[in-house]
Protein chains: 2
Amino acid sequence: MASQRGEGETTTTPLEPADRERARAIPEAAVARLAVYLRVLSGMADQGVTAVSSEELSQAAGVNAAKLRKDLSYIGSYGTRGVGYDVEVLVSHIERILGLTRNHSVAVVGIGNLGHALANYGGFPGRGFPVTALFDVDADLVGIPVGGIPVNHIDEITAVCREREVSIGVIATPPPAAQSVCDRLVSAGVQCILNFAPVVLQVPDNVEVRKVDLAVEMQILSFHVARRADEAVHNSSGGVSVGNNGLGVDGMVIRP
Amino acid sequence: MASQRGEGETTTTPLEPADRERARAIPEAAVARLAVYLRVLSGMADQGVTAVSSEELSQAAGVNAAKLRKDLSYIGSYGTRGVGYDVEVLVSHIERILGLTRNHSVAVVGIGNLGHALANYGGFPGRGFPVTALFDVDADLVGIPVGGIPVNHIDEITAVCREREVSIGVIATPPPAAQSVCDRLVSAGVQCILNFAPVVLQVPDNVEVRKVDLAVEMQILSFHVARRADEAVHNSSGGVSVGNNGLGVDGMVIRP
DNA sequence: CCGACTTTGTGCATGCGTTCACAAGCGGTA
DNA sequence: TACCGCTTGTGAACGCATGCACAAAGTCGG
């Protein structure tokens with residue numbers, strides 16, 4: 001489902017006409033990479049670079065040049081053949097596609113070690129994600145400002161989230177509380193959740209969940225350590241060549 | 001390269017004979033899910049559950065039942081047809097494949113907000129990953145214990161990592177320092193890195209990097225917010241059906 | 001001891017994402 | 001203006017992962 005292209009729209013759309021159709025066609029993996037490109041491009045812009053080729057950008061982002069061009073083609077044709085891409089133009093178009101033109105109010109739930117760290121990030125990396133609300137069950141924390149924002153009690157979550165138009169909820173609670181918090185966020189109208197708790201959240205279909213799971217990350221690394229160790233034992237030759245292709249957005253390129 | 005299957009080994013191997021061959025064949029995405037299954041199974045074991053079917057486990061892990069069975073088949077046939085899986089057995093086999101039978105010493109570099117949070121996790125989620133070393137550039141922090149471990153100066157990184165046999169390095173520094181820290185970790189013999197800095201690290205092929213990028217996660221969520229908002233504007237019908245398939249290990253299932 | 005039911009394990013088809021390779025297009029130059 | 005070299009954009013092939021559907025295999029009840 002969802003793979004049919006809606007055609008025949010002739011109304012004057014408030015947001016670009018053909019972009020919507022493109023947006024729904026962008027593979028999730030490509031979206032993740034676009035965010036990386038955006039950061040690299042922003043860095044280049046800060047250094048005064050105005051133009052870049054797909055080869056240069058792909059090197060900096062740690063991906064294949066062809067893949068980069070395909071990723072960029074998902075959002076349109078904004079390059080100049082024979083020349084490359086204008087950094088500013090690319091930045092603005094990626095920002096538009098990623099929806100970074102509007103601000104996304106963020107609420108952090110669970111003000112423990114991690115919650116503190118998140119709250120203190122201060123405007124979150126890559127501006128546009130202001131933390132506007134903090135919540136915790138601990139009554140002793142309520143009212144105390146963390147990173148400039150006072151902590152609210154978790155029971156106020158619905159009212160506060162609605163009032164401050166929170167669009168992204170970050171769950172940094174202990175595992176047992178995560179599902180309950182998630183449910184409350186959802187019923188408060190939050191449709192995007194970033195979950196740091198090592199729990200598989202159950203949510204309705206209209207809610208988007210991204211998961212950051214330290215234990216899983218560590219265990220994946222552990223797997224590779226073990227595999228490598230075994231290979232080392234069984235292969236008399238010491239040749240190492242791994243190549244971290246596969247899923248994920250990690251880049252890994254030999255420096256020039 | 002690396003896709004040939006080494007056969008003809010008849011020596012008594014310290015680690016199971018046919019498992020190595022299996023291990024290198026497990027898709028990366030499946031490895032990530034195995035870690036999730038392991039957590040779910042551990043939780044079940046704690047609650048006294050001794051047996052589980054693929055259907056139950058897949059529900060709890062938020063994945064398709066067929067996919068779960070296929071994932072488990074990568075590590076061998078440890079189920080009983082007509083019955084299901086023995087929880088203990090499955091746990092021990094997944095742990096073995098993921099290399100969790102040995103401890104993996106972890107070093108955290110960059111003792112800021114995030115570094116503090118990581119150090120205080122205390123033995124890291126899912127035991128087996130003891131934090132044994134902390135590093136920072138700030139001389140004022142050196143010697144002060146965080147989460148029970150004294151902070152070392154970053155210049156000692158090579159000596160300390162070698163001495164404590166650190167196998168996983170966690171980078172929680174500001175972006176500009178990340179590549180430098182990474183280089184030092186690599187030259188200290190660390191082959192696995194978990195990177196929290198919003199930087200694309202350049203490493204040699206024999207080093208495995210996993211990335212946790214908050215900005216990217218937020219921007220992916222932002223993308224979905226924007227897409228959804230556009231759809232809401234253009235679709236008069238209010239039907240919502242997203243389905244978070246694609247990359248990643250996130251689960252999303254309607255609760256029973 | 002046998003039959004019926006249940007659940008695993010997996011061959012196969014489908015779909016998605018990555019990669020290749022090249023035509024199209026643009027700027028610079030004579 | 002016409003040519004030449006360079007880089008983009010993309011059609012098509014490839015490969016991997018997912019999901020389906022069923023045979024294999026084991027248990028339980030009679």
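Residue numbering restarts at 1 for every chain, and letters A, B, ... go by the order of the sequence lines.
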Within-4.5 Å side-chain heavy-atom neighbours: [X] and [Y]:
| X | Y | value |
| --- | --- | --- |
| A:Ser222 | B:Phe129 | yes |
| A:Leu90 | A:Leu57 | yes |
| A:Pro198 | B:Arg39 | yes |
| A:Arg210 | B:Met218 | no |

Requested in this report: Take A:Arg96 and A:Thr101, measure what side-chain hydrogen bond (donor to acceptor under 3.5 Å, both in side chains) needs, and give me the verdict at the end.
Outcome: CA-CA 6 Å; A:Arg96 184 174 46 77; A:Thr101 49; over 6 Å; no
Please state how far atom [atom1] in [X] lies from atom [atom2] in [N], giving the value in whole angstrom units.
| X | N | atom1 | atom2 | answer |
| --- | --- | --- | --- | --- |
| B:Leu68 | C:dT10 | CG | P | 14 Å |
| A:Ile26 | C:dG17 | CD1 | C1' | 14 Å |
| B:Asp86 | C:dT7 | CG | C1' | 15 Å |
| B:Asp71 | D:dG19 | CG | C1' | 12 Å |

Requested in this report: Establish, with yes or no, whether the OP1 or OP2 oxygen of D:dC20 is under 4.0 angstrom from a side-chain nitrogen or oxygen of B:Asn64.
Outcome: yes
Query raised in the report: Is any NZ, NE, NH1 or NH2 atom of the basic residue among B:Glu208 and A:Arg228 found under 4.0 Å from an Asp or Glu carboxylate oxygen of the other?
Result: yes
**Report entry** nucleotides 4-14 of chain D: protein proximity per nucleotide (B base, S sugar-phosphate only, - neither; heavy atom, under 4.0 Å)
**Finding:** --BBBBBBB--
